[in-house]
Amino acid sequence: MTAPPAALVNRNKKHFMGIPAPLGYVAGVGRGATGFTTRSDIGPARDANDVSDDRHAPPSKRKKKEEEEDDDEDLNDSNYDEFTGYGGSLFSKDPYDKDDEEADMIYEEIDKRMDEKRKEYREKRLKEELERYRQERPKIQQQFSDLKRGLVTVSEDEWKSIPEVGDARNRKTRNPRAEKFTPLPDSVLSRNLGGESSTSINPTSGIMSAIPHGTATPGMLTPTGDLDLRKMGQARNTLMNVKLNQVSDSVEGQTVVDPKGYLTDLQSMIPTYGGDISDIKKARLLLKSVRETNPNHPPAWVASARLEEVTGKLQAARNLIMKGCEDNPKSEDLWLEAARLQPPDTARGVIAQAVRHIPTSVRIWIKAADLETETKAKRRVYRKALENIPNSVRLWKAAVELEDPEDARILLSRAVECCPTSVDLWLALARLETYENARKVLNKARENIPTDRQIWTTAAKLEEANGNVTMVGKIIERAIASLSANGVEINREHWFKEAVEAEKAGSVHCCQAIIKAIIGQGVEEEDRKHTWMEDADSCAAQAAFECARAVYAHALATFPSKKSIWLRAAYFEKNNGTRESLESLLQRAVAHCPKSEVLWLMGAKSKWMAGDVPAARGILSLAFQANPNSEEIWLAAVKLESENSEYERARRLLAKARASAPTPRVMMKSAKLEWCLNNLDLSLHLLDEAIKVFPDYAKLWMMKGQIEEQQGDLNKAWDTYNKAIKKCTSSVPLWLMLCGLEERRKNMTKARSVLEKGRLRNPCCDRLWLEAVRIEFRAGMRDIANTLMAKALQECPSSGILWAEAIFLEPRPQRKTKSVDALKRCEHDPHVLLAVSKLFWCESKMQKCRDWFNRTVKIEPDLGDAWAYYYKFELLNGTEEAQEDVKKRCIAAEPHHGEYWCAVSKNIKNWRLNTEHVLVLVAKELPIPI
């Protein structure tokens, strides 16, 4: 039978059956059965490498991809930097060719080269930072490095005996359960004592003391049927008493423990060093190696002892320093340190050893004397020291200080033999000797020490003290010559100091002789006047007034016709001398400078203030002869007569003055005298005549307007002021007076107009701006006043009166800020300082207010308002002494300026009042700052 064809036989058999699956084949891909998810298997049912099923593919993301590409190119300004350009790459979409690769290589080489240049510096800095960090925060390993070094000495057996780390406890001990205690009644305790358990008591315990003697039998704890717990409590108390008695004193029965010093003792046991312990160990190890390497180096022993002292180990420090003294017996530093560390009794023994080893050490002998408490013992030590070191000046001085004057003289006579070059010993001996012996001593001293000036000046003081004044100058002259011959430089400053010291010691002739001999040394001829005036000022600043007088006397003898020197000398005498010395000087001054009006007037005023009016007249008459037709002398004579109520003589003098010297001031004083005497018509007549001759003298117009206002004729006064501002356009007071007249006549608009015209004619005038601000403020226009003040400060930024007013225009919270701005602009202006003082007064800061008032009057003593405010402040808040002090200082300063001050002092009714009365009146009228 033939076989059927293969095609028929295999018709139903697929051609791929039995053939390996092609690469990447997955069953079921064609029908979509590639994977599924069940409730029990959440997650992908196929591997990550499986072919994806695109039948349920998500929508195309082409559009989103294009948006992302657009986002990559962020060309916004916020993404742009001047140096690096845009944040992303501008050419990211372009192909990367060979030029780009070559450019990147070049840039990479440049970066590598720059990095190598800074590499050494960067690595060095990194290393320093790392070392500093490790010093500040050492590792645990480093902290135990010194202990690890000690492990070298551990033997093998010791290593083996170290137990393994681990918890050898059983579970019960590792997890202990809390013990439970249940109190039992006495009946249970007594029942169980019936022989079931045997108990013994330690006879050495305190319980035995509670049992009476003779009752303690071996069977004391046999069952008795009851238990006395009270006796057990007593026994416990007895045991406590036994323990307390162990620390009690057997004599007084008091506790040995000091309750007050106990904590102090504990504190002393705590080391005072607060540093790192590892640092101490390192220092100790380092010093130990230094000592072992060089045991003859004393500073190592001293440093080691002080280290132990700092760490609280005082005994170790003592032991170390004594060991150092044994190794270095010739080191005085070690012995002194040992004496310092030891208690006083032991220190004496240490110093005794030191003296045996170093008998020539001055410091050790002085330490030995300091350790003695009795003066007699100190003397004994010093005398023993001087036997060993007879040429020590320090020991001689210390020994002499402990002796009586007679014994000191004997000691010093021996001391100068042993130490002939010590100036102090010679001078001390000279002070203790009699006059004749002192001269001999000083002569010997000059022979032994020919180059010291103090011996010469002491000799001069000695002669002056014994009345031999003629020798003083000779001795100083010999001193200069001798010192120059011996090659000593003559230093003016040193000799001036000697002169000042001589004056303070009461040797006036000696200081004058020194000044006379030394003043011309080392001064160029053209610099003499300037240098000598500086010398006088320097002496006066040191309160050496006799030295200053000697300088002025020499200067005046050299320059007798110099008016400036006479004036300075006169002011010096006025401030620091007596009235007699001032008048004597002025008499000599006018003899040499008869044309100097100031000197004549000072002399006349001095006589007048002393109450000697005829002498003042005589001086002024001599001044007339020397200075005919002098306006100053005429007016001084008129003031002298008018102040002494000699009005007719004053009128005659003024008439003569008008005839011989018709100056504007003479005419004004003539009119003012009549005005003061209430002769208003005569005063106006004199003013009219004066105005015809001197139409541009503003004070004449002002006086005329004021007199017309006093008479009540405001229209005439208005005409006078209007004429005056045409003649004297630059006179600010005239503009202010016209403005005030308009304000009193209720013409506010005209008053503003007058001030505006005045500011146009006188630009940058702070007083006119200030009045404009005040007019608006008085009219209730506060906003306009603030605006004007702002403009004024722009035009006059450094005006003190404007800033002072601006401070109080502000509300109270803003005043402090304004005052700071004012002080920045006008730091030393008295008006600003006065405003700050008032500001502190408003805030009740009394001490600060007083300090600022003092600053104000010190900077500008001529400002009367400051004195008046200061005096009023002391009247309200100070003591009577402070009030009197302010008044005296004000009278001495004689102030003449100030708004409130001039309103009172220039008032014609107060023309006879002196400074004291004006101060009281102004202080009374002043408002309290708010």
Side-chain angles (χ1 to χ4, degrees), residues 287 290-292 294-306 308-309 314-429 432 444-445 448-449:
L287 290 170
V290 173
R291 293 196 310 271
E292 291 174 352
N294 187 5
N296 296 323
H297 187 56
W301 294 97
V302 174
S304 302
R306 289 188 179 175
E308 301 300 336
E309 182 188 10
L314 191 57
Q315 190 57 45
R318 291 170 181 166
N319 296 338
L320 268 173
I321 204 70
M322 291 310 296
K323 181 72 169 59
C325 291
E326 291 174 9
D327 292 349
N328 302 277
K330 297 296 182 182
S331 171
E332 64 177 14
D333 290 332
L334 280 176
W335 287 111
L336 291 172
E337 186 70 14
R340 185 184 69 82
L341 290 173
Q342 299 288 353
D345 295 336
T346 316
R348 290 194 191 98
V350 171
I351 286 294
Q353 293 182 40
V355 166
R356 282 195 292 272
H357 286 96
I358 321 172
T360 57
S361 172
V362 176
R363 292 167 62 197
I364 288 177
W365 281 109
I366 289 176
K367 182 67 176 178
D370 291 341
L371 289 173
E372 299 293 341
T373 54
E374 297 182 358
T375 307
K376 190 175 181 181
K378 288 178 182 286
R379 288 176 185 163
R380 193 164 55 247
V381 170
Y382 279 126
R383 293 190 180 186
K384 188 72 175 172
L386 288 169
E387 290 177 7
N388 288 278
I389 321 169
N391 58 349
S392 171
V393 177
R394 187 176 176 188
L395 286 176
W396 281 110
K397 287 181 179 179
V400 168
E401 287 176 358
L402 297 174
E403 300 293 343
D404 298 329
E406 187 60 31
D407 295 335
R409 186 177 60 80
I410 297 170
L411 264 182
L412 284 169
S413 61
R414 174 65 181 153
V416 295
E417 293 176 7
C418 297
C419 307
T421 57
S422 173
V423 178
D424 294 336
L425 295 177
W426 283 108
L427 297 181
L429 178 60
L432 294 175
K444 286 182 182 178
N448 286 281
I449 317 171

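The residues of the chain are indexed from 1 along the displayed sequence.
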* Is the closest side-chain heavy-atom distance between L412 and W426 below 4.5 Å? -> no
Between side-chain atoms of residues 351-369 and protein atoms elsewhere (two or more places apart, or another chain), which donor-acceptor pairs fall under 3.5 Å?
from : atom 1 : to   : atom 2 : distance (Å)
H357 : ND1    : Q353 : O      : 2.9
S361 : OG     : E332 : OE1    : 2.3
S361 : OG     : I364 : N      : 3.4
R363 : NH1    : E332 : OE2    : 3.0
R363 : NH1    : D333 : OD1    : 3.1
R363 : NH2    : D333 : OD1    : 3.3
W365 : NE1    : P359 : O      : 2.8

* Structure fact -> Minimal heavy-atom distance between C419 and P390, with the atoms involved, is SG-O, 4.0 Å
* To do: Could you walk me through whether K323 and E326 pass salt bridge (Lys or Arg N to Asp or Glu O under 4.0 Å), step by step?
  => CA-CA 5 Å; K323 181 72 169 59; E326 291 174 9; 5.3 Å; no
* Roughly how far, to the nearest 0.5 Å, is the CZ atom of R379 from the CG atom of L411? -> 9.5 Å
* Asked: Roughly how far, to the nearest 0.5 Å, is the CG atom of L287 from the CD atom of E308?
  -> 9.0 Å
* **Close side-chain approach of N319 and Q315, heavy atoms under 4.5 Å** => yes
* Asked: Do the side chains of M322 and Q342 get nearer than 4.5 Å, heavy atoms only?
  -> yes
* Asked: Between V350, L320, L334, which is the residue that forms a side-chain contact (heavy atoms from CB on, under 4.5 Å) with C325?
  -> L334
* Asked: P295 and N328: which non-hydrogen atoms are nearest, and at how many Å?
  -> O-ND2, 3.0 Å
* Structure fact -> Scanning both residues in full, the closest heavy-atom pair of A399 with Y382 reads CB-CB, 3.9 Å
* Which residues satisfy the salt bridge (charged side-chain N to carboxylate O under 4.0 Å, His left out) test with E417, sequence neighbours excluded? -> R414
* Asked: So which heavy atom on A317 is nearest to which on L341, and how close?
  -> O-CD1, 4.1 Å
* To do: Check step by step if side-chain contact (heavy atoms from CB on, under 4.5 Å) holds for W335 and I321.
  => CA-CA 8 Å; W335 287 111; I321 204 70; over 6 Å; no
* **Contact list for residues 390-403, test side-chain hydrogen bond (donor to acceptor under 3.5 Å, both in side chains), sequence neighbours left out** => R383-E403, K397-D424
* Is there a donor-acceptor pair under 3.5 Å between the side chain of K378 and the backbone N or O of E372? -> yes
* **Charged N-O contact under 4.0 Å between R306 and E309** => no
* Look at the side chain of N448 and the backbone N and O of K444, then say whether any donor-acceptor pair between them is shorter than 3.5 Å. => yes
